[in-house]
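Read the structure below first, then the notes.
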Protein chains: 2
Amino acid sequence: MDQTTRIVRAFEDAGYQTTPSRRLLAELVAGSRGHFSAADLLDRARQRRAKVGRATIFRALELLTSLHVVERLDLPNRSHAYVMCDPDEHHHHLVCSRCGRSVDVADGELARLVDEIGRRNGYRIETHRLELFGICPLCAGTGAAAAVAADRGGPA
Amino acid sequence: MDQTTRIVRAFEDAGYQTTPSRRLLAELVAGSRGHFSAADLLDRARQRRAKVGRATIFRALELLTSLHVVERLDLPNRSHAYVMCDPDEHHHHLVCSRCGRSVDVADGELARLVDEIGRRNGYRIETHRLELFGICPLCAGTGAAAAVAADRGGPA
DNA sequence: CCCCGGATGAGACTGAGTATCAGGCAAGCC
DNA sequence: GGCTTGCCTGATACTCAGTCTCATCCGGGG
């Protein structure tokens, strides 16, 4: 099943209605190459001449976030964006600072490290967040041209 | 030398003027118990009947951030705040989700882990960020009362 | 096919942060 | 101590992401 369907399915499984707006949003999210913002989605919706309200986009992103279909990133440049990701296990993101593509990284050893840091400081750790930023193999390998081609928000 | 002086000194050392506004801001920042926002500082300035513009606060925080005297945190509840911290080495923050107090945590093993994750995925890692949230010993030990007493933004 | 609660879009609102600009003042110079 | 210069400041307008409200709409169970 393709990404769009996976997202629509996630809505259904959680007991939410399947509506044209949500289907559209699912397509837009699934068609994103890297991370994207609510404004990106709105733009792409407008490009398709689809009529969807800003509020609806924020509501859908909020839902998808709570369903762990997407996650919110805080980028180093103090803006933020969403990325699609694996809903099944706790993980972190390795984000390309050029094209925005993101790889899910399993928590692995980190859990142990986090635990130890907490213990050493007497804190009871509740949550942690690790975000890694760098240049992905694609952007590194083929230079700026590929980076542009791979730019975020490709054909929806 | 106390924290206020340390901050004022940081301005001077970097070649910036020492002005009443900056001195005030230094005091407010130094007097913060945990993390704080620009709005918090503005409130506390007003409480002292000190006249300082919003823009000035943001400018000072921006400077202090660039001097690594404070750092910006992205809190789990999607808001953000600043904390004072050690300007001398790369580190992360362990933040109390109740009182906002923050402990600097040396990078240590993490660097190795980050490096390995990058290598495994073919990324050239540029920066990373780790943020830990939990309950500090003070809040855990003495319950809600102490947590309130220790609340952020104590006597400036 | 009807009904109703969930979903929607428009638009007002908020709060953090930025830009602009005229006036103020720190600090080096004499 | 006065002068000058350029950094610094406060007020204010603005932007941008996200939220709230509310009248209307419509998916889907009965």
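Worth saying up front: this structure is predicted, and the values here are computed from it rather than measured. Every chain is numbered from 1, with letters handed out A, B, ... down the list of sequences.
Put simply, Ser21(A) has a side-chain N or O that comes within less than 4.0 Å of OP1 or OP2 on dG9(C). Contact annotation: Thr18(A) side-chain N/O to dG27(D) OP1/OP2 distance is not under 4.0 Å. At dT9(D), one or more side-chain N or O atoms of Arg22(B) fall inside 4.0 Å of OP1 or OP2 (strictly under the cut-off). For the OP1/OP2 pair of dG17(C) and a distance below 4.0 Å, the side-chain nitrogens and oxygens of Arg72(B) include at least one atom meeting the criterion.
Protein atom CG of Leu41(A) is 16 Å distant from nucleotide atom C1' of dC16(D), rounded to whole Å. Atom C1' of nucleotide dA27(C) and atom OH of Tyr16(B) are separated by 17 Å, given to the nearest angstrom. To the nearest angstrom, P of dA17(D) lies 16 Å from CG of Leu73(A). For Leu42(B) and dT14(C), the CG to P distance is 17 Å, given to the nearest whole Å. One atom, CG of Asp74(B), and another, P of dA16(C), lie 14 Å apart when rounded to the nearest Å. Taking atom CD of Glu12(B) as the reference point, atom P of dA27(C) lies 8 Å away to the nearest angstrom. Straight-line distance from the CG atom of Asn77(A) to the P atom of dC16(D): 15 Å, rounded to whole Å. One atom, CZ of Phe36(A), and another, P of dG18(D), lie 12 Å apart when rounded to the nearest Å.
Between Ala140(B) and Ile135(B), the shortest heavy-atom distance links the atoms N-CG2, 3.6 Å.
Using a cutoff of 4.0 Å between basic side-chain nitrogens and carboxylate oxygens, Glu109(A) and Arg112(A) are scored as salt-bridged. At a threshold of 4.0 Å, the pair Arg129(B)-Asp74(A) does not count as salt-bridged, since none of the basic side-chain nitrogens sits closer than that to a carboxylate oxygen.
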Verdict with reasoning, Glu116(B) to Arg120(B), per salt bridge (charged side-chain N to carboxylate O under 4.0 Å, His left out): CA-CA 6 Å; Glu116(B) 190 186 318; Arg120(B) 234 173 1 224; 2.7 Å; yes
Output, in order, the C-alpha distance, side-chain angles, deciding distance and verdict of side-chain hydrogen bond (donor to acceptor under 3.5 Å, both in side chains) for Arg6(A) and Gln3(A). CA-CA 5 Å; Arg6(A) 219 194 85 216; Gln3(A) 294 296 308; 2.8 Å; yes
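Taking the side chain of Gln17(B) as heavy atoms from C-beta on, and the options dA16(C), dA10(C), dC8(D), the nearest nucleotide is dC8(D).
Nearest-nucleotide assignment on DNA chain D puts the 5′-proximal partner with Lys51(B), out of Arg78(B) and Lys51(B).
Using a 4.0 Å heavy-atom criterion, one finds that Ser79(A) contacts no nucleic acid atom at all.
Put simply, the side chain of Asn121(B) never gets that close to the backbone of Tyr123(B): no donor and acceptor are under 3.5 Å apart.
By the 30° and 60° cut-offs, the orientation of the rings of His92(A) relative to His128(A) is tilted.
At a non-hydrogen distance threshold of 4.0 Å, Val52(B), Gly53(B), Ala55(B), Thr56(B), Arg59(B) from residues 52-64 of chain B come into contact with DNA chain D.
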